[in-house]
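Remember, it's 1-based here, ligands and their atoms both numbered in the order they're listed. Just so you know, residue 1 is the first one in the sequence shown, and it goes up from there.
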Amino acid sequence: MCGIIGIASSKLVAQNIIHSLKKLEYRGYDSAGIATIVDNEIHEKKCAGRVDNLEKLLFKNPSKGSLGIGHVRWATHGIPSQLNAHPHSSDEVSVVHNGIIENSTLLKKNLEEKGYKFKSQTDTEVITFLLTDFLKSYDLVDAINKTLKALNGSFALGILFKKYSNIVVGARRGSPLAVGYGPEENYLGSDSYALKSMTNKITYLDDGDVCILTNNKIEFYNSENKKINKKILTLSEDKQFTDKGDYKDFMSKEINEQNITAKTCVKEYVDQLRKDINLYNFPINPKDIEKIVLIGCGTAYHSCITAKYWFEELTNIPIEIDIASEFRYRKINFNNKNLYVFVSQSGETADTYAALDLCKKNNVKTCSIVNVVESSIARSSDFVLPIHAGPEIGVASTKAFIGQMLVLFILAIKISEIRKEINKTDYENKIDDLQKLPDLIKDTINYCQDNTPIIAKDFIKAKGSMFLGRGLSFPIALEGALKLKELSYLHAEGYPAGEMKHGPLALIEEGLPVVILAPKDRYFEKTISNMQEVIARGGKVILITDEDNKIISENVRFTLKIAKTNEYLSPFLMTIPLQLLAYHVAALKNCDIDKPRNLAKSVTVE
Ligand code: AGP
């Protein structure tokens with residue numbers, strides 16, 4: 001996803017902008033650029049590829065100036081190229097943009113009729129010329145306001161002005177944007193992670209806000225052009241999470257942190273002394289809830305599918321799950337007795353945020369399960385249940401998935417207890433299970449570290465692969481397939497094992513790798529039968545189970561025997577070999593583990 005940096009300082013800014021752009025690389029991008037104001041002129045430099053390429057450009061021809069904006073672009077409109085890289089500048093303004101301008105075609109046509117000459121294929125350049133045009137007739141704040149009102153769609157903007165050469169302007173609608181406060185300089189950034197290396201004093205903009213930065217003050221205006229004050233937050237230090245340490249990449253570090261994630265999360269919500277779960281001031285009495293709707297994207301959506309099984313087992317509440325990009329356009333029969341739960345690691349996913357916004361507009365109760373408590377989704381929901389996983393830098397989500405599932409599991413247990421749908425003994429046994437989980441995760445990581453690399457080879461030459469599971473293993477099969485796809489760029493499909501005979505069995509042929517998830521749960525025998533159907537057709541089966549039974553391993557290519565546990569906890573343990581398998585296949589293919597091609601860590605556009 002795109003990333004924005006802006007700095008208004010009393011000293012040269014180019015190097016600091018480059019340094020901060022590198023902090024945004026994890027978001028995924030394909031080009032980069034910078035603009036500064038020098039002697040009341042706009043100086044712009046940009047290039048395709050990595051920030052390193054931009055740094056080389058600046059080394060040859062340094063950018064002076066104590067005011068600047070920078071950008072890493074993830075292509076939406078227009079191919080990744082130097083011409084389409086941001087900033088987009090006229091003689092009067094320079095603009096960097098995250099988001100999508102939906103009426104850019106019409107606006108571009110009107111501006112071309114006025115004589116403006118577009119150089120790029122981007123929607124962003126429309127903002128540049130709109131501003132330039134309004135500045136001919138209006139002062140700064142009115143010109144900004146009229147420009148923003150003309151735009152349909154989402155944006156986070158950083159803007160420089162030749163005529164106002166001591167300010168950097170920011171504006172937000174639908175795409176996250178924050179400002180940071182420093183000594184003798186102030187900052188604009190897409191998220192706190194980019195600003196953390198320069199300051200821990202942060203203010204988040206809300207939709208409709210405009211901010212004007214100089215090197216010694218920041219002013220805020222709301223969508224009615226009124227000057228407003230905004231809260232300054234002090235960010236916690238999480239150094240231990242934002243450095244790879246001895247690990248080769250963030251993903252291997254984050255996989256190995258999963259027992260810590262579980263331990264931290266359990267500690268946050270479980271009072272071991274009182275053997276009770278604490279959900280603090282939950283916004284709705286669980287006894288009154290008529291339905292729970294779980295909503296997310298990608299891996300976060302898979303945690304929702306897993307949670308559906310837990311809620312159905314532990315409570316009598318009807319549970320619905322939905323992909324956010326579907327939910328936001330569905331005709332929903334909202335009911336204020338329902339609870340709408342939004343799961344999102346970043347808390348900035350555009351589709352999930354839009355789905356939440358739709359719920360807020362319909363005055364229903366919302367709860368978010370996020371990893372970034374200062375995020376837009378967290379700040380917009382009635383109640384937040386943090387997963388406490390610490391910053392997750394690898395684009396492929398691992399520890400956040402464990403955290404999302406764990407908070408959803410804890411929520412299901414507590415709601416069941418409040419509604420008296422679980423007896424005291426079972427409730428306390430579940431709490432004991434939560435206490436055991438971190439060590440089970442650690443044992444499984446250690447076992448799988450040694451046993452997954454050899455399996456990876458089978459996937460490199462294969463024309464695809466399948467991941468099969470039943471019940472609580474079905475969403476984990478989906479997650480395993482997603483991990484392999486997004487890390488190794490090889491096709492993989494997650495499927496309910498019971499569905500194979502309804503079509504996908506036709507895909508099975510000699511040597512096709514098929515991962516079978518078969519914990520010793522109520523579906524075990526059925527899943528093993530499905531496995532035999534695959535073997536009979538030449539499939540190369542990788543069996544992941546916690547069962548010692550030697551017979552089931554005949555004609556199986558590999559058996560991974562993970563720690564034994566009960567069926568409620570098996571999703572946590574089944575996930576780990578799949579994460580490591582995807583990791584090792586990607587490593588064999590020399591893929592970029594932390595920044596897979598085409599992908600972004602936080603998808604802040606539709
Ligand atoms: C997970 O490996 C992916 N990177 C992606 O599916 C991610 O889960 C999805 O984009 C949702 O992101 P969020 O949790 O930040 O909302």
Is the shortest N/O to N/O distance between [X] and ligand 1 below 3.5 Å?
| X | result |
| --- | --- |
| Ser344 | yes |
| Glu479 | no |
| Ser346 | yes |

Margin query: Can you check which of Thr349, Val395, Val343 brings a heavy atom nearest to atom 16 (O) of ligand 1?
Written below: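 The option holding the nearest heavy atom is Thr349.
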Check: Hey, is Cys297 one of the residues with a heavy atom under 4.0 angstrom from ligand 1?
Finding: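 It does, in that a heavy atom of Cys297 comes within the 4.0 Å cut-off of ligand 1.
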Margin query: When you measure from the heavy atoms of Glu348 to every atom of ligand 1, does any distance fall below 4.0 Å?
Written below: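 The answer is no, since Glu348 has no heavy atom less than 4.0 Å from ligand 1.
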Notebook entry, point to check: Of the protein's non-hydrogen atoms, which lies at the shortest distance from atom 7 (C) of ligand 1, and what is that distance?
Noted result: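 Closest protein heavy atom to atom 7 (C) of ligand 1: Thr299 N, 4.1 Å.
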Checklist line | Flag side-chain contact, heavy atom, 4.5 Å: Ile255 against Gln258 | finding: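 SC-SC contact between Ile255 and Gln258 confirmed.
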Item checked: Student check: side-chain heavy atoms of Tyr187 and Ile202 closer than 4.5 Å ->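 In short, these two side chains do not touch, never coming nearer than 4.5 Å.
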Check: Which word best sums up how the rings of Phe334 and Phe327 line up, parallel for under 30°, tilted for 30 to 60°, or perpendicular for over 60°?
Finding: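 Perpendicular.
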Next item on the list: Go through the steps to decide whether Leu578 and Ile544 satisfy the test side-chain contact (heavy atoms from CB on, under 4.5 Å), and finish with yes or no.
Entry: CA-CA 9 Å; Leu578 305 185; Ile544 302 177; 3.5 Å; yes
Item checked: Reference residue Lys601; test salt bridge (Lys or Arg N to Asp or Glu O under 4.0 Å); the match among Glu254, Glu486, Glu392, Glu348 ->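 Filter result, single survivor: Glu392.
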